[in-house]
Amino acid sequence: MTHSHDEHTGPSGEPPDSAQAAVASPEDTRKSLLAGQVRGYTQIRNLLVQLPEDDANGSRSSVLARAVTSRRHRELLLYLLLLGARPVVESQQEREPLAAAVWIRALTASGEQPWSTTTLSRAWSHLEEMELITARREKRAKWVAPCREDGTGAPYERPGGRSGRENHYFILPDSFWHSGLFGELSLPGLAMFLLFLKETNKKPEFQISAERVEDWYGISRRSAQNGIEDLEANAVLLKRHVSEPEPLSGSGFTTRIYYSLTGDFSYKSRRALQEEAATVVTKRAADAAARALAGEPPAPAKKTLKKSKKGGGEGTVKGHVADA
């Protein structure tokens, strides 16, 4: 959320020394950007990770594989944050644009290479080339809007409540940002993290070999293995080895590895987030119906995003980014 540039006065009525002025932290900035997500998570289409059907080349690899191959780590993070910050970005469009410094501060983390106006501007440009955003400049401001996750340039619409395989989605908990994990993971680690979020969206664990990752998702065996090791090092991935009969092998058995995410990213924790969100939506609908039956006007919208129950609207979101 954009902060005012008005000066605050000290006890004597004079503006405080600039060196002592309170400045929003990266953590506070991320919380403000994500404040419009009352659900506590971002809905991300499976299309980002894997296409539902083979393309003309017989491949189901999608944007994620291309990001890994092209080493678009910053771009992937920026796009994920834009999706999560969508309601707040939307609310800013008629007011002061979000400054580049807001995005830079939000993406600042201890384990991440520092961002600058140059790297941010380059990342926006690359996202435009990848057809993940639309953008245009208006004087010193850059207008940006997310496109659909498959990199086709199609207008973005929130997938929740929509039919069709192209709208199947997984969720990225806000704790990914609040815990600082986003700054700890390498690009392969982030790619495998998103892959496991998708594949454990409806079950606690997922079995796959590094070789299959390349066949099914277009991510090389080496990148997959490096990503798995990165997730283990950050204590967000567990392995379960299971020996199973294999009649055509010399030993008569094979060992398969089942993967599961841990903590806030576990299947159980993510299901709890979604169930809580469903309860809020159901209660809101019931309250609205009761008010309508009683002939009362709709409840007024909350004035602050942190208390808002809107959670963002459908359709393409338009926002401004200054000096990007």
**Student:** Does any part of the side chain of His168, heavy atoms only, come nearer than 4.5 Å to the side chain of Asn201, both counted from C-beta?
**Tutor:**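 Result no, sub-4.5 Å side-chain heavy-atom pair not found.
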**Student:** Treating Ser251 as the side-chain partner and Phe253 as the backbone partner, does any N or O pair qualify as donor plus acceptor under 3.5 Å?
**Tutor:** yes
**Student:** Short question: side chain of Ser70, backbone of Ala67 - any donor-acceptor pair under 3.5 Å?
**Tutor:**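 No, because the side chain of Ser70 does not come within donor-acceptor range (under 3.5 Å) of the backbone of Ala67.
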**Student:** Taking Glu246's backbone N and O only, do any of them form a donor-acceptor pair with Ser249's side chain (distance below 3.5 Å, no angle check)?
**Tutor:**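 Indeed, once roles are kept as given, a pair shorter than 3.5 Å links the two residues.
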**Student:** Spell out, as yes or no, whether a donor-acceptor pair under 3.5 Å connects the side chain of Ser91 to the backbone of Val88.
**Tutor:**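 A pair under 3.5 Å: yes.
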**Student:** Okay, side chain of Ser121, backbone of Thr117: is any donor-acceptor separation there less than 3.5 Å?
**Tutor:** no
**Student:** Is it possible for you to check whether Arg60 lies under 6.0 Å from the centre of the six-membered ring of Trp216, through NZ or CZ, and within 45° of that ring's axis?
**Tutor:** no
**Student:** Any chance you could measure Leu120, atom CG, to Trp103, atom CH2, to the nearest 0.5 Å?
**Tutor:** 8.5 Å
**Student:** Looking at side-chain heavy atoms only, is the closest gap between Pro146 and Arg86 below 4.5 Å?
**Tutor:** yes
**Student:** Minimum heavy-atom separation for Ser223 to Val68, with atom names?
**Tutor:** OG-CG1, 3.9 Å
**Student:** Taking all non-hydrogen atoms of both residues, which atom of Ala24 and which atom of Thr29 are closest, and how far apart?
**Tutor:** CB-OG1, 4.0 Å
**Student:** How is the hydrophobic cluster of Tyr258 composed, in terms of its other members, when Ile, Leu, Val, Met, Phe, Trp and Tyr link through side-chain heavy atoms under 4.5 Å apart, directly or indirectly?
**Tutor:**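 Listed partners: Val242.
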**Student:** Just by modelled atom types, is the Gln50 backbone N or O under 3.5 Å from a matching donor or acceptor in the Ser61 side chain?
**Tutor:** no
**Student:** Restricting to non-hydrogen atoms, name the atom on Cys147 and the atom on Ile133 that form the minimum distance, rounded to 0.1 Å.
**Tutor:**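 For Cys147 versus Ile133, the nearest heavy atoms are SG-C, 3.6 Å.
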**Student:** Would a single hydrophobic cluster contain both Leu273 and Leu80, if residues Ile, Leu, Val, Met, Phe, Trp and Tyr are joined by side-chain heavy-atom contacts under 4.5 Å?
**Tutor:** no
**Student:** Any sub-3.5 Å donor-acceptor pair from Arg162's side-chain atoms to Arg158's backbone N or O?
**Tutor:** yes
**Student:** Measure the CD-CD distance between Glu276 and Gln274 for me, rounded to the nearest 0.5 Å.
**Tutor:** 11.5 Å
**Student:** Quick check against the 3.5 Å criterion: does Thr279 have a side-chain atom that pairs as donor or acceptor with the backbone of Glu275?
**Tutor:** yes
**Student:** I'd like to know if Lys239 and Glu232 make a salt bridge, using a cut-off of under 4.0 Å between side-chain N and carboxylate O.
**Tutor:**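 Yes, Lys239 and Glu232 are salt-bridged.
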**Student:** For Asp230 and Asn226, what are the C-alpha separation, side-chain angles and deciding distance, and is it a side chain to side chain donor-acceptor pair (under 3.5 Å)?
**Tutor:** CA-CA 6 Å; Asp230 191 19; Asn226 288 342; over 6 Å; no
**Student:** How close do Trp115 and Ala123 get, heavy atom to heavy atom, and via which atoms?
**Tutor:**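 Answer, listing the atom of Trp115 first, then Ala123: CZ3-CB, 4.1 Å.
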**Student:** Going through the checks in order, is the side chain to side chain donor-acceptor pair (under 3.5 Å) test met by Ser269 and Ser266?
**Tutor:** CA-CA 5 Å; Ser269 294; Ser266 69; 3.1 Å; yes
**Student:** Could you go through Arg30 and Ser25, starting from their C-alpha distance and side-chain angles, then the distance that decides it, and tell me whether this counts as side chain to side chain donor-acceptor pair (under 3.5 Å)?
**Tutor:** CA-CA 9 Å; Arg30 289 190 288 271; Ser25 67; over 6 Å; no
**Student:** Do Tyr79 and Tyr41 belong to the same hydrophobic cluster, where Ile, Leu, Val, Met, Phe, Trp and Tyr are linked whenever their side-chain heavy atoms lie under 4.5 Å apart, directly or via other members?
**Tutor:** no
**Student:** Any chain of hydrophobic side-chain contacts (each under 4.5 Å) joining Ile219 to Ile208?
**Tutor:** yes
**Student:** If you define the side chain from C-beta out and look only at heavy atoms, does anything of Arg270 sit under 4.5 Å from Pro173?
**Tutor:**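 With C-beta onward as the side chain, the pair touches.
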**Student:** Taking all heavy atoms of Phe182 and all of Ala106, pick out the closest pair and write down the distance.
**Tutor:**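 Looks like CZ-O, 3.8 Å.
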**Student:** Tell me, do Leu47 and Pro52 make a side-chain contact under 4.5 Å, heavy atoms counted?
**Tutor:**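 Touching, per the 4.5 Å side-chain cut-off.
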**Student:** Following the transitive rule for hydrophobic clusters with a side-chain heavy-atom cut-off under 4.5 Å over Ile, Leu, Val, Met, Phe, Trp and Tyr, establish whether Leu51 and Leu194 coincide in one cluster.
**Tutor:** no
**Student:** Do Met130 and Arg72 come within less than 4.5 Å of each other through their side chains, counting heavy atoms only?
**Tutor:** yes
**Student:** Should Leu197 and Leu172 be marked as a side-chain contact (heavy atoms from CB on, under 4.5 Å) after you check the CA-CA gap, both sets of side-chain angles, and the distance that decides it?
**Tutor:** CA-CA 7 Å; Leu197 283 175; Leu172 175 66; 3.7 Å; yes
**Student:** Tyr217 versus Leu195: any side-chain heavy-atom pair under 4.5 Å?
**Tutor:** yes
**Student:** Check whether Leu81 and Val49 end up in the same hydrophobic cluster, where Ile, Leu, Val, Met, Phe, Trp and Tyr are linked by side-chain heavy atoms less than 4.5 Å apart.
**Tutor:** yes
**Student:** Using the rule given for side-chain contact (heavy atoms from CB on, under 4.5 Å), can you reason through Leu190 versus His73, listing the C-alpha separation, both sets of side-chain angles and the distance that settles it, and then say yes or no?
**Tutor:** CA-CA 8 Å; Leu190 176 59; His73 191 185; 4.0 Å; yes
**Student:** Rounded to the nearest 0.5 Å, how far apart are CE of Met192 and CG of Leu261?
**Tutor:** 10.0 Å
**Student:** Taking atom CD of Gln225 as the centre, does the number of heavy atoms from other residues, nucleotides or ligands within less than 6.0 Å exceed 12?
**Tutor:**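 It does: Gln225 CD has more than 12 such atoms within range.
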**Student:** Keeping to residues at least two apart or across chains, list the side chain to side chain donor-acceptor pair (under 3.5 Å) pairs with something in residues 202-214.
**Tutor:** Glu205-Arg240, Ser209-Glu211, Glu211-Arg221
**Student:** Taking it one step at a time, do Tyr259 and Phe206 satisfy ring-ring contact (aromatic ring centres under 6.0 Å, His included)?
**Tutor:** CA-CA 5 Å; Tyr259 298 94; Phe206 177 60; 8.0 Å; no
**Student:** With a cut-off of under 6.0 Å to the ring centre and 45° to the axis, is Arg45 in cation-pi contact with Tyr156?
**Tutor:** yes
**Student:** For the residue pair Phe176 and Phe265, categorise the inter-ring angle as parallel (less than 30°), tilted (30 to 60°) or perpendicular (more than 60°).
**Tutor:**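 Correct class here is perpendicular.
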**Student:** Evaluate Ile171 against Thr42 for side-chain contact (heavy atoms from CB on, under 4.5 Å), listing each step before the verdict.
**Tutor:** CA-CA 5 Å; Ile171 68 169; Thr42 303; over 6 Å; no
**Student:** So, do Glu53 and Arg165 sit near enough that their side-chain heavy atoms are less than 4.5 Å apart?
**Tutor:** yes
**Student:** List the steps and the verdict of side-chain contact (heavy atoms from CB on, under 4.5 Å) for Leu82 and Trp124.
**Tutor:** CA-CA 11 Å; Leu82 177 61; Trp124 286 127; 4.1 Å; yes
**Student:** Using only atom types and a distance under 3.5 Å, with no angle test, would you say the side chain of Asn167 pairs donor to acceptor with the backbone of Ser163?
**Tutor:**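 Side chain of Asn167 to backbone of Ser163: a pair is present.
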**Student:** Can a donor-acceptor pair be found, under 3.5 Å and without considering hydrogens, that links the side chain of Arg105 to the backbone of Pro26?
**Tutor:**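 Answer holds: no.
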